[in-house]
Structure formats: C-alpha cells, structure tokens
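Down below is the structure, laid out as structure tokens.
When reading the values below, keep in mind they use all heavy atoms of this one structure, side chains included, and skip hydrogens, waters and symmetry mates. Please read these numbers as outputs of a predicted model, since none were measured by experiment.
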2 protein chains.
Amino acid sequence: MKDLFGTHENKLDAKGRVSVPASFRNAWKDVPEMTLIIRPSAVPDCLEVWPEPTYEQFRQEVRALPKNTPERLAQETIVFSQAVPAEIDPQGRISIPADLAEEIGLSASVCFVGRGDYFQIWDPAKAKAFLKATRAHIHKVAIEAPSS
Amino acid sequence: MKDLFGTHENKLDAKGRVSVPASFRNAWKDVPEMTLIIRPSAVPDCLEVWPEPTYEQFRQEVRALPKNTPERLAQETIVFSQAVPAEIDPQGRISIPADLAEEIGLSASVCFVGRGDYFQIWDPAKAKAFLKATRAHIHKVAIEAPSS
DNA sequence: GGTCCTTTTGCCACTTTATGGGAAAACGTG
DNA sequence: CACGTTTTCCCATAAAGTGGCAAAAGGACC
C-alpha cells in the first residue's frame, strides 16, 4: 500500500463506470481484490475513496465513542450511512453510485486526486479550483516570508 | 547523495522527456534505481525534484498533522496531490507530466537548477530572471548592511 | 587538429492503460 | 414465472507511456 500521488482525469462511460488511474491501482496491488469505501468528504463537492483495510480505523474510532451522543451519531452517519463499498472490476474500473455522483456534480469526466492514504473524486473544474487555491496560498507565503 | 550544483539546460523531446544532467545523476548514483518526486514549488513558475528517500520527511510531517484541518488539507495537496513519482530511465531521462509542464510554462527547453538536496526545473528564461533577481537582492543586502 | 569517450536526443517498437460495446448474469416487478 | 431493467464481465480497439537502439553533439586529451 504505497502512497497515492498526482491528479488524473478519466471519463465516465454510459454505465457510470470510470477507470481508476493505473498508478493508484499499482500502489495498492499488494492487496489483491481489495474493497474500497466511497464516501462524501468533509471538503465540499468531493468524495473520498479509502482502501477497506485502512478504513477499519474509522470504524474503531466510532465504536470508541459513547453511545447516543451527538458526536457518536454524527460519526456513525459519516462513517457508515453515507459510505458505500465498491470493487475494482477486471478492467480496473469502479462504478460510482448515482446518488454520490450527483451530490458532487459529476458529469462526463472524473478527476482523481491522490492524497497519500486515500484519493478524492471531483468534477474536474472543481478539482482545479481546489488545487489552485492551495497553490496560491503557498506562493503568497513564499513570496512574503523573505521580505518580512 | 552528494549535493547538486550549477544550472544546466536540456531539450524536451516530443513525448515530454528530458535528460537529467549527468552531474546530478552522478551525485545521486550511490542509490541505484532511485525514484524521484516532482512537485510544484512554493516559488512560482518552477518545479522541485526530490530524491524519494529525502521526500519521506515531508510525508511524515503531513501525517503528524490533525485530520481535516486547513493545514493538513493544504499539506496533503502539496505533498501528494500535486506531486508525482518519476524514474530516471536507462538513458538518464525523466518524463515531466504534461500538467506540471504546463503549470510552469515549459516549452522546448528545460533549465535544471541545483539546490543542494534537490533541484528545480524552470523554463530557461524564467530561471535566468529568478537567478538574476536573487543576485540583485544579495548585492543590495551586501551594500546596505555595513551602513546600517 | 584529430581521436576517443560521454552525454544528449531523435526515432521506432513494444507494453500498458483507457474506453466503447456486446453478451451473460442478476435483480426487481407485475 | 416471464419480462424488462440494471449490473457485471469480457473482448476489441484506440491511445498513451515506456524502453531501447543508435546517431548526433559536445568535451577532454593527446
């Protein structure tokens, strides 16, 4: 389970399938037939996709919370209710559930964004805006720092 | 892993590949088949290229940050989403991903700038401007300092 | 100035990846 | 139980990426 790097854009086909970038598949190929978990992210307009073995930690965190508290209920929602398992098919594709696709405004193309342990799924235009905002912030810091 | 010195200019081929200067390869040749990590720099209009073993420290820094904070998300973007691993091929070349090349305005030629532990990749004209601006800044400091 | 060696770079061939479409299987409904 | 719909699997083609050879360019050293 190597880290996931980079951003990649692939096309949704008529059946709602899309190829997972080869570099992501290769990074995880030491666990064959691995299940993935797709869920909405805390970041608006994107989904998170986790390998099931890594996702186990979230489940344990939820179970450690005291029952029937607002935090526990909220975490149960995030970790279970809105999350769905998915498999990578023999051609390296996943199908994105229609309700989640709609939630983040997916249309023809899908942008995959590597985040180390997991990846994000975005509409390409929104992904670009998200990444650009971070870069702009970093450049601002780099330019301002020496003169201060 | 000796330090990288100097600046060198090489040409991109039709497929986005370019020879890494021999002096850089030689400086790193004690780690055979080393993976490199290419990412946008905090300095606008250039890329940074790090040896994977050195890059490990950045990954650990990210993982030490609390999840879902603005800092963590920004660092995940810098360290993973915009970074890509690259290998030096048997001819001593690396291929620069199209999106990163576009980001810094690369065209036919690539300028490699040694920075000790890592090197930068620039469009030659911009590299020249960057180095010149830095020298001017240093001269200014050298002249002003004694009079203060 | 000429020869040899290293480095760079163009080009071709091959492998891998992405994607469209068709057939079979599973599912749900009336 | 039969039908239509949806999902999954598999094949085939297209596109992209990777590796390798070999010629050209550049330097070093006689």
* Asked: Could you state the NZ-C1' distance from B/Lys11 to C/dC11, rounded to the nearest angstrom?
  -> 16 Å
* Structure fact -> With the side chain defined as heavy atoms from C-beta on, A/Ala22 is closest, among C/dG22, C/dT17, C/dG20, to C/dT17
* Asked: Residues two or more places apart in sequence or in another chain: which of them pass ring pair (Phe, Tyr, Trp, His ring centres under 6.0 Å) with B/Phe58?
  -> B/Trp50, B/Tyr55
* Could you pull out all residues at least two apart from B/Phe112 that satisfy ring pair (Phe, Tyr, Trp, His ring centres under 6.0 Å)? => B/Phe119
* In whole Å, what is the span from the CG atom of B/Asn10 to the P atom of C/dT6? -> 18 Å
* Would one find a side-chain N or O of A/Asn26 under 4.0 angstrom from OP1 or OP2 of C/dT17? -> yes
* Structure fact -> The side chain to side chain contact (heavy atoms under 4.5 Å, CB included) partners of A/Ser19 (sequence neighbours excluded) come to A/Asn10, A/Arg93
* Go through C/dT8, C/dG10, C/dT19 for me and flag the one nearest to the B/Arg25 side chain. => C/dT8
* **Distance-minimising heavy-atom pair for A/Glu48 and A/Ser41** => OE2-OG, 3.1 Å
* **Selection from C/dT8, C/dG10, C/dG20 that lies nearest to any side-chain heavy atom of B/Ser19** => C/dT8
* To do: In plain terms, say whether A/Glu103 and A/Arg39 are close enough for a salt bridge, that is, a side-chain N and a carboxylate O under 4.0 Å apart.
  => no
* To do: Write down the distance between CG (B/Asp89) and P (C/dC11), rounded to a whole number of angstrom.
  => 17 Å
* **Rounded distance in Å - NZ (A/Lys29) to C1' (C/dT17)** => 13 Å
* To do: Go through the structure and list residues passing side chain to side chain contact (heavy atoms under 4.5 Å, CB included) with B/Thr69, not counting sequence neighbours.
  => B/Pro66, B/Glu71, B/Arg72
* To do: With a 4.0 Å heavy-atom cut-off, tell me which residues in residues 103-120 of chain B come close to DNA chain D, sorted by residue number.
  => none
* Structure fact -> Closest non-hydrogen atoms of A/Ile104 and A/Ile121, given as atom of the first, atom of the second and distance, are CD1-O, 3.5 Å
* Whole angstrom is fine here: how far is it from CZ in B/Arg93 over to C1' in C/dT7? => 12 Å
* Structure fact -> Rounded to whole Å, the CD-P distance (A/Gln91 to C/dG21) equals 15 Å
* Structure fact -> Note: A/Pro51 and A/Trp28 closest approach over all heavy atoms is CG-CZ2, 3.5 Å
* Asked: Taking NE2 from A/His8 and P from C/dT16, how many angstroms apart are they, rounded to a whole number?
  -> 18 Å
* Before accepting this row, confirm whether a basic side-chain N of the pair A/Asp3/B/Arg63 lies closer than 4.0 Å to the acidic partner's carboxylate O. => yes
* Asked: Taking any atom under 4.0 angstrom from a heavy atom of chain A, which nucleotides of DNA chain D are the first and last to qualify, 5' to 3'?
  -> D/dT8 to D/dC11
* Expressed in angstrom and rounded to an integer, what is the separation of A/Ile88 atom CD1 from C/dT17 atom P? -> 13 Å
